[in-house]
Amino acid sequence: MDMLSAITSPITDELVQFKELFDSSLTNSNPLLNEVLVHICQRRGKMMRPILVLLVAKLSGGGISKSTLHAAVALELLHTASLVHDDVVDESGERRGQLSVNAMYNNRISVLAGDYLLATCLVQSSLTQNNDIVGVVARLGQDLSEGELLQLSNVSNSTVSESIYFDVIRKKTAVLFAACTKSAALSVGMSVEKAERYRLLGEYIGICFQIKDDIFDYYDGAGIGKPTGNDMREGKLTLPAIYALTSSNDKTAKDLAAKIKTEQATNDEISHFIEFTKLQGGIEYATKIMYEYKDKASRILLAMPDSEVRASLIAYLNYVVDREK
């Protein structure tokens, strides 16, 4: 049994229900739209976020309701829509090993398909019949858009700052995991105040997830799904590089970082900067920070009663930081 199968063992039946509901929500009578939606469904990833919703709901309330399933579908639809739109913004030709929607069709179809996914997300959130969950989903849409804009503005900003980095990843990644855990708690009748503990759990997991993704950018991307230095080609400097720069007085490296942020650096220059970051201890520092957030998430989980579901959530957390892609 692989790690993900072990993690999902307490929610096997509910995960099947989620998949059926998700697929049915993406069936449409319009031939072109349905073709695009089928293409999107084919690239389903590991379903990390729906798994988190289902596990937290089972842990916090003892059972998974229809409201939980609709919340999980709404959040995955919103995440999927953001990826479709991101591919247009980033001019990406590939997503999860297959052609992106914009590469297979065009930008207009991609934007409209992403809009359809967003609208379907709102329908699913309304079917939870929980106004607090609808509010979480709506605010998530705002946060994800704000995060993208914050990241774009940061690329053109000459300042290299760890605080700005965390502002970006909280809005771009952590907020989605936080919405998953909070919605899960709300879906089983928990109050907004009590659901805050679960929101924090999701935020910490999301921060770990993003830092791990950023570390991947410094290694051979063959088994990871993106080329080495891909973030830097887009003008992005993440936590390892930020640490390396702020802990060094190397003017050559700082000049090169400035060139990277303007997206003018060559592949050789990016390779040199990657080596500088590694030699300066950037990977070790980012890993240390990731484990600090993992410890925060672990403390929340270990404060909860021991159960098979809690063990699965601890395994989920371990998977996030130990995964190889």
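Between Leu237 and Leu245, the shortest heavy-atom contact is CD1-CD1, 4.0 Å. The heavy-atom pair separating Ala57 from Ala184 by the smallest distance is N-CB, 3.7 Å. Taking each heavy atom of Val56 and Leu313 in turn, the nearest pair found is CG2-CD2, 4.1 Å. Ala241 and Thr277 make their closest contact through N-CG2, 3.7 Å (heavy atoms, listed as atom of the first residue, atom of the second, distance). Of all non-hydrogen atoms in Ser125 and Val134, the two that sit nearest each other are O-CG2, 3.4 Å.
Taking 4.5 Å as the limit, some side-chain heavy atom of Asn267 sits within range of a side-chain heavy atom of Arg233. The side-chain heavy atoms of Ile207 and Phe166, taken from C-beta on, include a pair separated by under 4.5 Å. Between Arg197 and Thr181 there is no side-chain heavy-atom pair separated by less than 4.5 Å. Considering only heavy atoms from C-beta on, Lys46 comes within 4.5 Å of Tyr319 through its side chain. At a threshold of 4.5 Å between non-hydrogen side-chain atoms, the residues Lys259 and Phe273 do not count as touching. A heavy-atom distance below 4.5 Å is found between the side chains of Ile283 and Tyr219. No side-chain heavy atom of Asp132 sits less than 4.5 Å from a side-chain heavy atom of Val136.
With Thr128 contributing its side chain and Gln124 its backbone, the two residues share no donor-acceptor pair below 3.5 Å. Without hydrogens or angle criteria, Arg323 side chain to Val320 main chain gives a donor-acceptor distance under 3.5 Å. For Lys171 (side chain) and Leu150 (main-chain N/O), no donor-acceptor pair under 3.5 Å exists by modelled atom type. No donor-acceptor distance shorter than 3.5 angstrom exists from the side chain of Ser183 to the backbone of Cys180, with no hydrogens or angles considered. Side-chain atoms of Asp143 do not come within 3.5 Å of backbone N or O of Val175 as any donor-acceptor pair. Judged by distance alone, the side chain of Thr8 and the main-chain N or O of Ile11 form no donor-acceptor pair under 3.5 Å. Put simply, the side chain of Thr68 never gets that close to the backbone of Leu54: no donor and acceptor are under 3.5 Å apart. In this structure, Lys172 contributes its side chain and Gly147 its backbone to no donor-acceptor pair below 3.5 Å.
Counting heavy atoms of neighbouring residues, nucleotides and ligands inside a 6.0 Å radius, atom CD of Gln129 does not exceed 12 of them. Crowding of Lys254 atom NZ: a count of heavy atoms from other residues, nucleotides or ligands under 6.0 Å exceeding 12. Around the CG atom of Asp255, the shell of radius 6.0 Å holds more than 12 heavy atoms that belong to other residues, nucleotides or ligands. Around the NE2 atom of His272, the shell of radius 6.0 Å holds no more than 12 heavy atoms that belong to other residues, nucleotides or ligands. By the neighbour-count criterion of 12 heavy atoms within 6.0 Å, atom CG of Asn131 is sparsely surrounded, having that number or fewer from other residues, nucleotides or ligands.
There is a side-chain donor-acceptor pair under 3.5 Å between Asp214 and Gln210. Side-chain contact, Ser24 with Thr27: no donor N or O sits under 3.5 Å from an acceptor N or O. Side-chain contact, Lys294 with Asn318: a donor N or O sits under 3.5 Å from an acceptor N or O.
With sequence neighbours left out, Ser307 forms a side-chain contact (heavy atoms from CB on, under 4.5 Å) with Leu59, Val309, Arg310.
Test Tyr165, Tyr285, Phe276 against Tyr243 for ring pair (Phe, Tyr, Trp, His ring centres under 6.0 Å) and you get one pass: Tyr285.
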query: Between Lys288 and Glu284, does a salt bridge (charged side-chain N to carboxylate O under 4.0 Å, His left out) hold up when you go through it step by step?
result: CA-CA 6 Å; Lys288 178 178 77 74; Glu284 289 80 3; over 6 Å; no
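Considering CG of Leu55 and CD1 of Ile7, their distance stands at 8.0 Å, rounded to 0.5 Å.
Pairs of residues two or more places apart, or lying in two chains, that qualify as ring-ring contact (aromatic ring centres under 6.0 Å, His included) and include a residue from residues 3-23 are Phe18-Phe22.
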